[in-house]
Structures are given as structure tokens and as C-alpha cells.
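See below for the structure under consideration.
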Amino acid sequence: MTVTQAPPAPAASSAARRRFRVDWRVLLLGAIALLFMLSIARVVTGANDITSGGTIGTALAWAVPIGLAALGGLWSERAGVVNIGLEGMMILGTWFGAWGAITFHNPWAGVLAGAIGGALGGLLHAVATVTFGVDHIISGVAINILGEGITPYLSKLVFVDMPGGGETQSPRVVPPGDVGVGAIDAWLRGLESGHTFLVSDLAGVVRGLTQGVSLFTIVAVLLVPLSFYLLWRTAFGLRLRSCGERPVAAESLGVNVYFYKYVAVVASGALAGLGGAYLSIVAAGIYRQGQTGGRGFIGLAAMIFGNWRPGGLASGALLFGYTDALQLRQGGTSVHALLLVVAMLLAAFAVYQLAGQHRNRAALVTAVFAVAVFVVFARTSTVPEQFTSFTPHLTTLLVLALASQRLRMPAADGLPYRKGQAT
């Protein structure tokens, strides 16, 4: 009798199956490549604002509320509670932020009040979903409706009698101070105004990140690594994430699942409320009805784009903030130049799919899209102004469509859980 053995798998195939890891080196190379493409687009089109210091500073400012909402979604969904009510919690944050700053004559009191207002929305969501087992989507929609409905009522009670206030807006709010490295401002402006390939673009990016940055922005940016540390480097974070992956197993090991879900959802509301407070205190300097503009939903999309990870959602928030900022900086011309960048990115991705992943059909489809976008760019000279306001939302749809195949949400996210299932 002869015995046949299966041949060992070749080393090349196992190497091909090795997962692609994103570390700081990959991120640095990606940032350099993106800056290189933006510089090419700026030189070709003359759209100098796509890398100017003003655009980068505005992009950072617009990314903050989206990033805070996304961070709130991360906390909630890592504990297994879907939080589609982020928009409503942001609305509460806008009103309470302005109210706190005006009442206590201190913008930081407004920041705290905005966080508390959002946390109240989060607490309501936690009571409905964790304690009473209400469907997470239904509860989230109810929070959104509540936020839109109660803030006009509160404005009629509080802001109408104040000088400059009304039924749909508050009086002006004093924002927190700004910081910047003033010693290099003139030098960076000189480099930027020279419009030199790559050098001026790098100067614009550095100037946008180092000049006139709000103290609230610095606090918001620091919340990203802080959340990463708490959720991925502490026993508290391990227990919280276990509630979103295997709540029954976590309960069997002595984890109080209800407690961690409550903490996560209330923290989620507080972070979304901070995003709202940023809009009313820093971005606009006043509360206005409807000023969130759907940024809570875009934050949810940024969290999904980031694959439920702090670094990924921060990248998504910057992407959406950048496209949002382009509306204000030569909107039609800048968005038209962005089409060339998109064509180059798609072409580079097609090459990666062909050479790195050996996915010939996917590479062909991506290349066709790259050519189509380039043809649109080549046959037009600008983008209608009406379209520029839709750019962030279109970017949201495209990014989610492209990234959806590589996403992994927490295993028990949105699933019902009742105490005692482990027994």
C-alpha cells in the first residue's frame, strides 16, 4: 500500500495571504505620496488653495466636530451599542455649549456644558437600549428627533430675552484662545507664496497646523490617543471591548456588562456633545438652529471608514474635513483640481491591486474608474458651485463603498443582550 501526502503549501502563497499591516512607516509614506499628488495637481491646475495654510487650517477645524462624533461612535459600538443618535447628541451639545459659555461667561464652562448635554442624550440612549432592550436604531432615531425638537423650545425659553438672541440662535459666544508658533509664520508664508513644487505645499501644510490653532482643537486631538490608550492598553478597555465582542463570555468571567455599556454610551454622548459645542463656541461663535448639518452622520461614516479604530477614524475625519474646507477656498476650482488627485489615487490603487494583490479583474475595474475621472477632469475647467457643497457627502458615499469590503465591526455590535444569558 502506498501512502500519498499532500504537498506542503508553497511559501509564496502563505506570504501572499499575510495581512497588510498599517504602521507609522506606511502612514508616513502615504502622507508623502498624497502631498506629492496634491502638489502635481496644484501646479497643473493653478488651484493654489488646495494646499494653502488657510485650507489646511480650515480642514483641521472642520475635522474636529466630525472626529469627536466618530470617537463617540467608537466608544459606544466597541461596547456593542449602535449609536445612530450621534447627530441628536451633537445638537444638544451645540445648544448647551452656547448656553454654558453665555451663562458662566467662560468658554470652557460652555465646553463642559456641551459635554454634559451630549452625555444626557447618551444616558437616555443607554437606558433605552441596555436596560429596556429597545432596538438600537429606533432609540437612536428618537434621540435625533428629540435633539432637533427640544433645542428650539429651550431657545424660546432662554435666548429670546437676551440681547442678540432669538428663537433660532443665541447671542455671540466668546471662543477659547488660539495658539501658534509665531516665529516661523512669516518664513512659511514666504515659502508658500513662492508656489514652488512640493516646498510651498509642505510649507502650507505646516503653517495650517501650527498657526492660529484653537486650544479646544488641541484638546480634541489629544482625545484620540487617549481613547486608544484607554480602550486598547488598559484592563478597563479590555473589559469594555469584550462587551462588544462576546458579552456572554465576558459575563461568565465576572464582567458587569451593563455597567460597561452604560459607561461607553454616556462617554459616547459626551464626545458627540463636545463636537456640537465646538461648532457653536469655536467654529461659529454662536448657536444656530440646524448648524450641525448632518455632521453626526458623517462622523458615524468616518468611524466605519476607520474600521472602528481611533487612527482610522481620525484619518476619515480629516478627509471629510478637507473636502468640507474646499467649499470655502476657491470651491469650484479646488474641487476640480481634486478630481486629478482622485484619478491619480485610483491609478495607484489599480497598480497595487495588480502587482501587490494579483487581483487582475479588480485592477481593471479600478483603472477604468481612474480613466473616467481623468476624462471628466480633462474635459472641464471647473466644477459648478452647487456641486461643491455636495462634495463631503459624495466623498462619504464613495469612501464607504470602497472600504466596505475590508471592514470588521465588533461581533456583538447591535445585538440584544440580557443579563443572565451566561447561566
Side-chain angles (χ1 to χ4, degrees), residues 27-28 31 34-35 38 48-72 90 93-94 97-98 101 106-112 114-115 172-193 200-228 271-286 291-292 295 298-299 302 310-311 313-329 334 392:
L27 291 176
L28 181 61
L34 181 60
L35 184 64
L38 286 170
N48 294 321
D49 263 327
I50 64 172
T51 56
S52 68
T55 298
I56 301 302
T58 307
L60 179 63
W62 284 124
V64 168
I66 296 173
L68 286 171
L71 207 56
M90 281 192 79
T94 58
N106 188 323
W108 294 107
V111 172
L112 180 61
R172 299 293 302 178
V173 177
V174 178
D178 295 341
V179 293
V181 187
I184 60 173
D185 186 31
W187 178 59
L188 291 173
R189 284 182 183 275
L191 290 176
E192 190 180 335
S193 60
S200 297
D201 304 288
L202 182 60
V205 172
V206 174
R207 190 170 73 84
L209 297 178
T210 57
Q211 305 300 321
V213 180
S214 170
L215 290 172
F216 195 170
T217 299
I218 296 174
V219 172
V221 171
L222 291 177
L223 287 174
V224 176
L226 179 63
S227 293
F228 172 78
L271 288 166
L274 282 175
Y278 184 90
L279 289 172
S280 60
I281 297 175
V282 178
I286 188 173
Q291 70 183 141
T292 56
R295 287 184 174 81
I298 297 178
L313 70 84
S315 302
L318 285 172
L319 172 64
F320 302 134
Y322 179 72
T323 54
D324 215 359
L326 287 183
Q327 301 177 54
L328 307 175
R329 315 288 300 192
S334 298

Hey, does [Y] have a side-chain heavy atom less than 4.5 Å from the side chain of [X]?
{"X": "Y322", "Y": "I50", "value": "yes"}
{"X": "L215", "Y": "V179", "value": "yes"}
{"X": "T55", "Y": "T51", "value": "no"}
{"X": "V173", "Y": "S280", "value": "no"}
{"X": "V64", "Y": "V282", "value": "no"}
{"X": "E192", "Y": "N48", "value": "no"}
{"X": "L223", "Y": "L274", "value": "yes"}

Nearest non-hydrogen partners of [X] and [Y], listed with the distance:
{"X": "P176", "Y": "W108", "result": "CB-CZ2, 3.7 Å"}
{"X": "V224", "Y": "A314", "result": "CG1-CB, 4.4 Å"}
{"X": "V181", "Y": "Q211", "result": "O-NE2, 2.6 Å"}
{"X": "A302", "Y": "G316", "result": "CB-C, 4.1 Å"}
{"X": "V174", "Y": "P107", "result": "O-CB, 3.1 Å"}
{"X": "A277", "Y": "G110", "result": "CB-O, 4.3 Å"}

Distance, nearest 0.5 Å, that separates [atom1] of [X] from [atom2] of [Y]:
{"X": "T94", "Y": "I281", "atom1": "OG1", "atom2": "CD1", "answer": "10.0 Å"}
{"X": "D178", "Y": "T217", "atom1": "CG", "atom2": "OG1", "answer": "8.0 Å"}
{"X": "L313", "Y": "I66", "atom1": "CG", "atom2": "CD1", "answer": "11.5 Å"}
{"X": "L202", "Y": "L38", "atom1": "CG", "atom2": "CG", "answer": "12.0 Å"}

* Keeping the roles fixed (side chain from Q291, backbone from I286), state whether a donor-acceptor pair exists under 3.5 Å. => yes

* Asked: Judged by atom type as modelled, is there a donor-acceptor pair below 3.5 Å linking the side chain of R207 to the main-chain atoms of G204?
  ->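 The answer is no, because no donor-acceptor pair under 3.5 Å joins these two groups.
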
* Go through the steps for L226 and L222 under the test side-chain contact (heavy atoms from CB on, under 4.5 Å), then give the verdict. => CA-CA 6 Å; L226 179 63; L222 291 177; 6.0 Å; no

* Kindly determine whether T210 and I184 satisfy side-chain contact (heavy atoms from CB on, under 4.5 Å), including the steps that lead there. => CA-CA 9 Å; T210 57; I184 60 173; 4.2 Å; yes

* Test log, rule side-chain contact (heavy atoms from CB on, under 4.5 Å), inputs W62 and T323 -> CA-CA 9 Å; W62 284 124; T323 54; over 6 Å; no

* Could I get the full list of ring pair (Phe, Tyr, Trp, His ring centres under 6.0 Å) partners for F228, not counting sequence neighbours? =>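 With sequence neighbours excluded, F228 shows a ring pair (Phe, Tyr, Trp, His ring centres under 6.0 Å) to W232, given in chain and number order.
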
